[in-house]
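Structure, as structure tokens:
In the text below, chain A, chain B and the rest are named by the order of the sequence lines, each starting its count at 1. Below, all heavy atoms of this structure are taken into account, side chains as well, without hydrogens, waters or symmetry copies.
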2 protein chains.
Amino acid sequence: MSAEKIKNMEEFAALSGISRPTVSKYFHDPESVRPSTRERIEKALEQYDYRPNIFAMNQNRKLTKNVGILVPYLADPFFAEIARRIETSMIQAGYRPILLSSHGDPRLEVENLDLLRSIKPAGVLLAPLGRASERAAIERFCKDIPTVNFDANIEGVGEAFVGHNNTQATELMIEYLTRSGEPPVFFEMRSPPNPNARKRHKAYVATMERLGHTPHIIQVEGEGWELEEIGYRGGMTAITGRQLSTNTIFCSNDRLAIGLLAAAYELGLRVGLGGGCALRVAGHDNHPFCRYTCPTLTTISHNYGAIAATSAQTLVELIESGERSAERRTQLFDGELIMRASA
Amino acid sequence: MSAEKIKNMEEFAALSGISRPTVSKYFHDPESVRPSTRERIEKALEQYDYRPNIFAMNQNRKLTKNVGILVPYLADPFFAEIARRIETSMIQAGYRPILLSSHGDPRLEVENLDLLRSIKPAGVLLAPLGRASERAAIERFCKDIPTVNFDANIEGVGEAFVGHNNTQATELMIEYLTRSGEPPVFFEMRSPPNPNARKRHKAYVATMERLGHTPHIIQVEGEGWELEEIGYRGGMTAITGRQLSTNTIFCSNDRLAIGLLAAAYELGLRVGLGGGCALRVAGHDNHPFCRYTCPTLTTISHNYGAIAATSAQTLVELIESGERSAERRTQLFDGELIMRASA
DNA sequence: TTTAATTTTTTACGCGCGTAAATTATATTT
DNA sequence: AAATATAATTTACGCGCGTAAAAAATTAAA
């Protein structure tokens, strides 16, 4: 490889003995130039190690290969995992994903949308903060750029929504818990930062009533995204304060459940199904780490694979058809009961 | 807010009655224009909601406010956490971080470096994959762009290295474990994907020998970044195969330890310090989740705050001084023993 | 009010590339 | 070999903005 540094396509074109527009064409699609030309370009490429500037490329293109992925909080392994899968799908489909996290901050979410605008994305995959989001800004964004909404639904926003069927999943778990023991109390945050919490709350109440049980809800205090810590503290006060009307707790999400398990462990309560267990605990999400709690956490899994693949595919179709779909499609994937040792 | 859409600075300048270069100056630094002018611009800003295109801005600037952050595997909460902190630091310092993950793939690491080149970053914070990295590509990158290396050191690459003192940390843990019980066996992967593993291995051997003990190492099989799963499976075979020469296991990292704890739990081994415990397990990293294992995991914490802050600050200084430092600075932060219940 | 100092505007060019239209060169067919 | 089809080149302009230099307008000082 030569030591000379190549600044731009002009220089590279000169060195390879081909005109710049042809080189440009080559980078857009290597098949679109004559084989002999292609060979010459590729030989030069080996010698000089030039790569076109991606953002300059996209500046004057009507259709770019950039896509944005925006999630509310990347340090949460749930989002990290689903983002990773979507990223991989989009790369395989020939796109270049840019992943951004809003760190739980609605202002940063808006800023990130502005940043995404700047890369002229062909489309965006958006998991919004939810209630905290600045709806107007998001709506404006989606009006301009084809967007697939995932994980958390903002009604009417984006061309499509792909998500988890919280209602079905909640029913599934309550039915299982009721069938195999006492009906559960619901353990949640009073003001949850994560989306989906409301839906789960409502589904819990509705399902309990349908089954003829009285809903019983424990709402723990706490702000922010340190959900395990909040679950732990809330669990301590709930258990020591004897707020539990049954021996079965259904947590709004796995991270709260993980904290609750830690509290139970510390207080010497045995958690699980068998005789001699004082408590059953179930979660929701199938968080990457809940296979490794002690006891392992019974939970409901999102269909991660389907949600990631469908979101990605929906966006790709949207982009490649070139049309904005007339009606907004909503696709929900059923949750799956993951029976482990905690309930 | 008006319904009209503004495409570029030209249009916005026309609507606000100010010339484009002055508007450009305003966006660079609002204080640099006359107060009356600033007012007019800001009034127009409220009306029309225009934002300059970030990448077009940077295209022709000698010094941009973009910085890149590249980590090997973002779905690992360790990297998610440290990246989040660095991102926040850089935002506060007035920079615009772009966070990228290589998903454990060296080729993607090189592609990400190319992508970073395209945004003309003022500097880059790089946690390389380590041994798997394509050293030549990284060297070339660092020659062109001021880079601070963090977490995993690639000797001679980047202007500075900021990381965790694996040697001190390993010594600290071995001394603690030895003092409070039997000297530990070392539990690691035969071919670890994560950086730092080698250093810890060497430090283990050296420290054990210094203390007059025979090093005993269990190397588990497995590829990829599913470290908990690998730790679990390796733990199962190690325990059932009676490969343990002592009752104390020091894991190369917390994620392996988490898997190992799950295996011990499943096999009915009590883990912890007290009488009646068959095993002691310690980890390394202070992974965000090891506070919530059962028993809680004794480990060594990186000085997350210091590493993130120092990396960010070093890069900012490097950028703002405008010089490339003559000698490569290496800063290691000592680990801290986090005593919990598992050892 | 005049003069000097500071801003702002105008003008003009550059960044690295896309892309369309017209022209020229090369390959394929008859 | 001539005619046709295909590909490459030249030319020219655009994307959204930075920035430098000169000219014009505004403000502050004398």
Side-chain angles (χ1 to χ4, degrees), chain A residues 5-42 44-45 48-66 96 114-122 144, chain B residues 5-42 44-45 48-66 96 114-122 144:
Chain A
K5 277 180 202 170
I6 287 162
K7 288 194 197 122
N8 53 31
M9 199 179 277
E10 196 78 52
E11 258 185 62
F12 175 74
L15 285 168
S16 60
I18 309 277
S19 75
R20 190 180 66 74
T22 305
V23 171
S24 169
K25 215 174 160 199
Y26 166 85
F27 279 110
H28 190 168
D29 175 12
E31 309 266 333
S32 70
V33 303
R34 201 185 302 159
S36 65
T37 312
R38 181 175 173 182
E39 230 172 275
R40 286 169 69 192
I41 294 178
E42 281 169 356
L45 223 40
Y48 298 108
D49 178 56
Y50 159 77
R51 310 259 176 133
N53 181 308
I54 295 158
F55 296 101
M57 264 179 52
N58 292 328
Q59 189 148 352
N60 196 23
R61 202 142 51 193
K62 55 321 60 207
L63 261 169
T64 74
K65 289 290 186 181
N66 292 339
R96 176 176 292 283
D114 280 325
L115 193 150
L116 285 179
R117 274 195 147 93
S118 294
I119 67 170
K120 302 217 174 178
D144 298 340
Chain B
K5 278 180 200 169
I6 288 161
K7 287 194 199 123
N8 53 32
M9 198 179 276
E10 196 78 53
E11 257 186 62
F12 175 75
L15 284 167
S16 60
I18 309 278
S19 75
R20 188 180 67 73
T22 306
V23 171
S24 168
K25 214 173 161 200
Y26 166 84
F27 279 110
H28 190 169
D29 176 12
E31 309 267 333
S32 69
V33 302
R34 201 185 302 160
S36 65
T37 313
R38 181 175 172 182
E39 231 173 274
R40 288 169 68 193
I41 294 178
E42 280 168 357
L45 222 40
Y48 296 107
D49 179 53
Y50 159 78
R51 310 259 177 133
N53 182 308
I54 295 158
F55 296 102
M57 265 178 53
N58 292 328
Q59 188 146 356
N60 197 23
R61 224 192 327 235
K62 66 289 95 187
L63 261 168
T64 74
K65 288 291 186 181
N66 292 339
R96 175 174 293 282
D114 280 325
L115 193 149
L116 285 179
R117 275 195 145 93
S118 293
I119 67 173
K120 301 214 175 182
D144 298 341

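Going from atom NZ of A/Lys25 over to atom CD1 of A/Ile41 covers 10.5 Å, rounded to the nearest 0.5 Å.
Closest-nucleotide positions on DNA chain C for A/Asn53 and B/Ser36 were compared, and the one nearer the 5' end corresponds to B/Ser36. Of the residues near DNA chain D, B/Ser24 and A/Val33, the one whose nearest nucleotide (by heavy atom distance) lies more toward the 5' end is A/Val33. Summary of the strand contacts: A/Arg20 and A/Arg34 both lie near DNA chain D, and taking for each the nucleotide with the nearest heavy atom, the more 5' one is attributed to A/Arg34.
Residue side chain A/Asn60 reaches the base of C/dG18 through a donor-acceptor N/O pair under 3.5 Å, judged by distance alone.
Proximity of B/Thr22 to the phosphate of C/dT9: a side-chain N or O atom is located under 4.0 Å from OP1 or OP2. In this model, the phosphate group of C/dC15 is not approached by any side-chain N or O of A/Lys7 to a distance below 4.0 Å at OP1 or OP2. The shortest distance between the side-chain N/O atoms of A/Tyr50 and the OP1/OP2 oxygens of C/dC17 is below 4.0 Å. The side chain of A/Ser19 contributes no N or O atom lying less than 4.0 Å from OP1 or OP2 of D/dA8.
Going from atom CD1 of A/Ile18 over to atom C1' of C/dT24 covers 15 Å, rounded to whole Å. Rounded to whole Å, atom C1' of C/dG18 lies 13 Å from atom NZ of A/Lys25. Between the CZ atom of B/Arg51 and the P atom of D/dG16 there is a distance of 18 Å, given to the nearest Å. Rounded to a whole Å, the CZ atom of A/Arg40 is 16 Å from the P atom of D/dA7. Taking atom OH of residue A/Tyr26 and atom P of nucleotide C/dC17, one finds them 15 Å apart after rounding to whole Å. The CG atom of A/Asn66 sits 14 Å away from the C1' atom of C/dC17 (whole-angstrom rounding). Atom pair B/Ile119:CD1 and D/dG16:P shows a separation of 20 Å (rounding to whole Å applied). To the nearest angstrom, P of C/dC17 lies 16 Å from CG of B/Asn58.
Counting non-hydrogen atoms of neighbouring residues, nucleotides and ligands closer than 6.0 angstrom, the CZ atom of A/Arg117 exceeds 12 such neighbours.
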Query - Full working for side chain to side chain contact (heavy atoms under 4.5 Å, CB included) between A/Tyr26 and A/Glu42 - result: CA-CA 10 Å; A/Tyr26 166 85; A/Glu42 281 169 356; 2.8 Å; yes
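Taking the six-membered ring for Trp and thresholds of 30 and 60 degrees, B/Phe12 and B/Tyr50 have nearly parallel ring planes, at less than 30 degrees apart.
At distances below 3.5 Å, at least one donor-acceptor pair connects side-chain atoms of A/Arg40 with backbone N or O atoms of A/Gly17.
Across C/dT8, C/dC17, D/dC17, the shortest atom-to-atom separation from the side chain of B/Asn8 is found for D/dC17.
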